[in-house]
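Order of the sequence lines fixes the chain letters, A, B, ..., with proteins taken first and strands second; residue numbering starts at 1 for each chain.
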2 protein chains.
Amino acid sequence: MIQPAELVSFLSFLQKIQPLTPSALEAIYSLCSLIAVRKNQNLQEIGMRCKTIYFVKEGLARIFYLKGGNEVTEYFAFENDLIIRAESLFTGKPSLKAIQALEDTVFIGIPADQLFSLFDTFPQIERLFRKIIEQAYVHTVNRMETIQFHSAEERYAQLVEEKPNLIQRIPLKYIASYLGITQVSLSRIRASIR
Amino acid sequence: MIQPAELVSFLSFLQKIQPLTPSALEAIYSLCSLIAVRKNQNLQEIGMRCKTIYFVKEGLARIFYLKGGNEVTEYFAFENDLIIRAESLFTGKPSLKAIQALEDTVFIGIPADQLFSLFDTFPQIERLFRKIIEQAYVHTVNRMETIQFHSAEERYAQLVEEKPNLIQRIPLKYIASYLGITQVSLSRIRASIR
DNA sequence: CTGATTATTTAACATTTGTAAAAGGATAAG
DNA sequence: CTTATCCTTTTACAAATGTTAAATAATCAG
């Protein structure tokens with residue numbers, strides 16, 4: 001049985017987005033499970049249908065996929081970040097993307113179908129979820145702008161500024177593909193900054 | 001007074017995403033207005049807060065913004081496409097983006113605050129809107145992947161395949177910035193394809 | 001139709017980024 | 001400690017894209 005204390009950070013994360021009544025909170029609480037994944041292990045493999053919404057309770061993870069034999073990092077999730085493979089969850093297709101723990105990581109998982117079936121009983125939960133997607137959408141639009149119209153050097157500088165600890169915690173090669181460049185190119189950029 | 005026939009395409013567009021009861025449809029219907037904009041005129045200027053959700057009934061439009069004095073096209077909307085400046089609508093900040101008609105265009109507009117206030121009475125409308133955002137989100141994630149990991153030539157080829165008539169209807173310079181490259185570069189790509 | 005304006009292409013050159021291979025550092029297992 | 005492995009940097013060269021300017025081509029207003 002999960003101790004309520006284990007979920008405090010997650011539930012308060014949700015409450016900040018959309019206040020929830022005790023019964024709605026309880027309904028979400030009852031769907032949560034904890035999953036511990038060791039460093040460099042995959043929580044979800046490529047090719048599985050994504051049916052779970054994850055939240056990083058402790059640790060660090062990434063979503064990545066394969067492109068011409070190379071791993072491409074799409075997203076990093078730190079403590080208190082959601083991690084959702086939207087392109088599978090919302091389309092029902094198998095995901096081409098994997099979720100990997102980059103440190104020993106504890107995830108909170110919620111089965112998506114069970115969560116979605118709460119929507120009819122608790123419109124406030126559907127509202128919560130709508131707001132989460134809105135935020136993710138705005139974030140993605142802004143990220144696209146950054147990728148499309150800034151140089152790799154600017155993108156790196158911006159990333160370092162936004163998430164300084166990312167550089168310490170994540171191998172360079174993962175950061176490079178997240179920025180849309182090669183590892184060699186990123187190394188060159190770092191050399192030119194010094 | 002708007003004739004119901006004028007809104008058939010829009011309402012059936014919505015119904016395909018989420019079936020709606022007659023009273024919910026009527027509620028949406030009563031919020032709609034028609035806006036005709038001449039070619040090359042702006043429906044919304046840069047700097048305004050975005051408080052309206054638009055749908056292209058006839059014609060063609062784009063969202064663009066300024067980057068170092070140059071116009072950058074973010075999105076093209078054809079007949080029966082929604083056009084929403086999400087980054088302003090969902091954050092309340094003034095939009096840095098303009099909406100411009102690229103042909104004589106008729107928009108259907110819905111005031112966002114009035115639409116959102118229907119959510120409490122009609123959870124199905126909130127659901128409709130959630131699904132719309134989900135679709136937009138998935139679309140944007142896929143587009144980002146395309147931009148980040150395909151060459152400009154591949155991106156152009158893909159665009160031509162997906163929307164062949166886009167090439168005929170839209171000036172090259174707008175397409176170039178949509179693809180994230182310069183006009184000169186796109187012209188070169190076209191020459192190399194022939 | 002004509003001139004003016006705008007859109008597109010071409011050319012020459014600079015810069016950025018990619019590719020492949022090797023060298024240097026860091027880390028983990030025995 | 002030593003070796004093996006993995007990560008990062010460096011080097012040399014190739015390819016892609018940007019920049020600037022000029023040359024065509026297309027479009028629009030009178």
Chemist: Between R155(B) (CZ) and dA16(D) (P), how many Å, whole number?
Modeler: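 The distance from CZ of R155(B) to P of dA16(D) comes to 13 Å, rounded to the nearest Å.
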Chemist: List the protein contact pattern of nucleotides 22-30 of chain D with one symbol per nucleotide (5' to 3'): B for base contact, S for sugar-phosphate-only contact, - for none; contact means a heavy-atom distance under 4.0 Å.
Modeler: ---------
Chemist: First locate atom CG of L186(A), then atom CG of L179(A), and finally report the distance between them rounded to the nearest 0.5 Å.
Modeler: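 Here the rounded value is 6.0 Å.
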Chemist: Between atom OH in Y156(A) and atom C1' in dT16(C), what is the gap in whole Å?
Modeler: 18 Å
Chemist: So, does S185(B) get its side chain near the phosphate of dG18(D), meaning an N or O under 4.0 Å from OP1 or OP2?
Modeler: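 For dG18(D), OP1/OP2 do have a side-chain N/O of S185(B) under 4.0 Å.
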Chemist: Provide, to the nearest angstrom, the distance between the CD1 atom belonging to I147(B) and the P atom belonging to dT17(D).
Modeler: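 These atoms are roughly 13 Å apart.
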Chemist: Quick one: name the residues clustered hydrophobically with V72(B), using the 4.5 Å side-chain heavy-atom rule over I, L, V, M, F, W, Y, and just say none if it's on its own.
Modeler: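 Result for V72(B) is F149(A), Y65(B).
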Chemist: Send over the distance from E153(A) CD to dT17(C) P, rounded to a whole Å.
Modeler: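 That distance rounds to 8 Å.
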Chemist: Take the protein atom CD1 of I167(A) and the nucleotide atom P of dT8(D), then report the distance between them rounded to whole Å.
Modeler: 11 Å
Chemist: Rounded to the nearest angstrom, tell me the gap between atom CG in L179(B) and atom P in dT17(D).
Modeler: 11 Å
Chemist: Using the test side chain to side chain contact (heavy atoms under 4.5 Å, CB included), find all partners of R143(B) that sit at least two apart in sequence or belong to another chain.
Modeler: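 M144(A), Q148(A), I147(B), Y178(B).
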Chemist: Could you go through residues 106-121 of chain A and list every donor-acceptor pair under 3.5 Å that involves a side-chain atom there, pairing it with any protein atom two or more places apart or in another chain?
Modeler:
{"from": "S117(A)", "atom 1": "OG", "to": "Q114(A)", "atom 2": "O", "distance (Å)": "2.8"}
{"from": "D120(A)", "atom 1": "OD1", "to": "R127(B)", "atom 2": "NH1", "distance (Å)": "3.2"}
{"from": "D120(A)", "atom 1": "OD1", "to": "R127(B)", "atom 2": "NH2", "distance (Å)": "2.9"}

Chemist: Out of L31(B), I83(B), I132(B), L89(B), which one pairs with I53(B) under the side chain to side chain contact (heavy atoms under 4.5 Å, CB included) rule?
Modeler: L89(B)
Chemist: Enumerate the ring pair (Phe, Tyr, Trp, His ring centres under 6.0 Å) contacts for residues 77-103 of chain B, please, sequence neighbours excluded, ordered by first and then second residue.
Modeler: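 Every candidate ring pair (Phe, Tyr, Trp, His ring centres under 6.0 Å) pair involving residues 77-103 of chain B fails, so no pair, neighbours aside, qualifies.
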Chemist: NZ of K131(A): more than 12 outside heavy atoms within 6.0 angstrom?
Modeler: yes
Chemist: Given dT19(C), dT17(C), dT19(D), identify the nucleotide with an atom nearest to the side chain of T182(A).
Modeler: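 Output: dT19(C).
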Chemist: Does K67(B), at its NZ atom, have more than 12 non-hydrogen atoms belonging to other residues, nucleotides or ligands within less than 6.0 Å?
Modeler: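 Check passes, neighbour count above 12.
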Chemist: Going by distance alone, is a donor N or O of one side chain under 3.5 Å from an acceptor N or O of the other, for Q158(A) and E162(A)?
Modeler: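 There is such a pair between these side chains.
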Chemist: Nearest-Å distance, NZ (K67(B)) to C1' (dG18(D))?
Modeler: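 My rounded result for the distance is 17 Å.
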Chemist: Please enumerate all protein N or O atoms sitting under 3.5 Å from an N or O of nucleotides 5-10 of chain C, with distances to 0.1 Å.
Modeler:
{"from": "dA7(C)", "atom 1": "OP1", "to": "K173(B)", "atom 2": "NZ", "distance (Å)": "3.2"}
{"from": "dA7(C)", "atom 1": "OP2", "to": "K173(B)", "atom 2": "NZ", "distance (Å)": "2.9"}
{"from": "dT8(C)", "atom 1": "OP1", "to": "L172(B)", "atom 2": "N", "distance (Å)": "3.0"}
{"from": "dT8(C)", "atom 1": "OP2", "to": "L172(B)", "atom 2": "N", "distance (Å)": "3.1"}
{"from": "dT8(C)", "atom 1": "OP2", "to": "K173(B)", "atom 2": "N", "distance (Å)": "3.4"}
{"from": "dT9(C)", "atom 1": "OP1", "to": "R190(B)", "atom 2": "NH2", "distance (Å)": "3.4"}
{"from": "dT9(C)", "atom 1": "OP2", "to": "S187(B)", "atom 2": "OG", "distance (Å)": "2.9"}
{"from": "dT9(C)", "atom 1": "O5'", "to": "S187(B)", "atom 2": "OG", "distance (Å)": "3.0"}

Chemist: In whole Å, what is the span from the CD1 atom of I189(B) to the P atom of dA15(D)?
Modeler: 16 Å
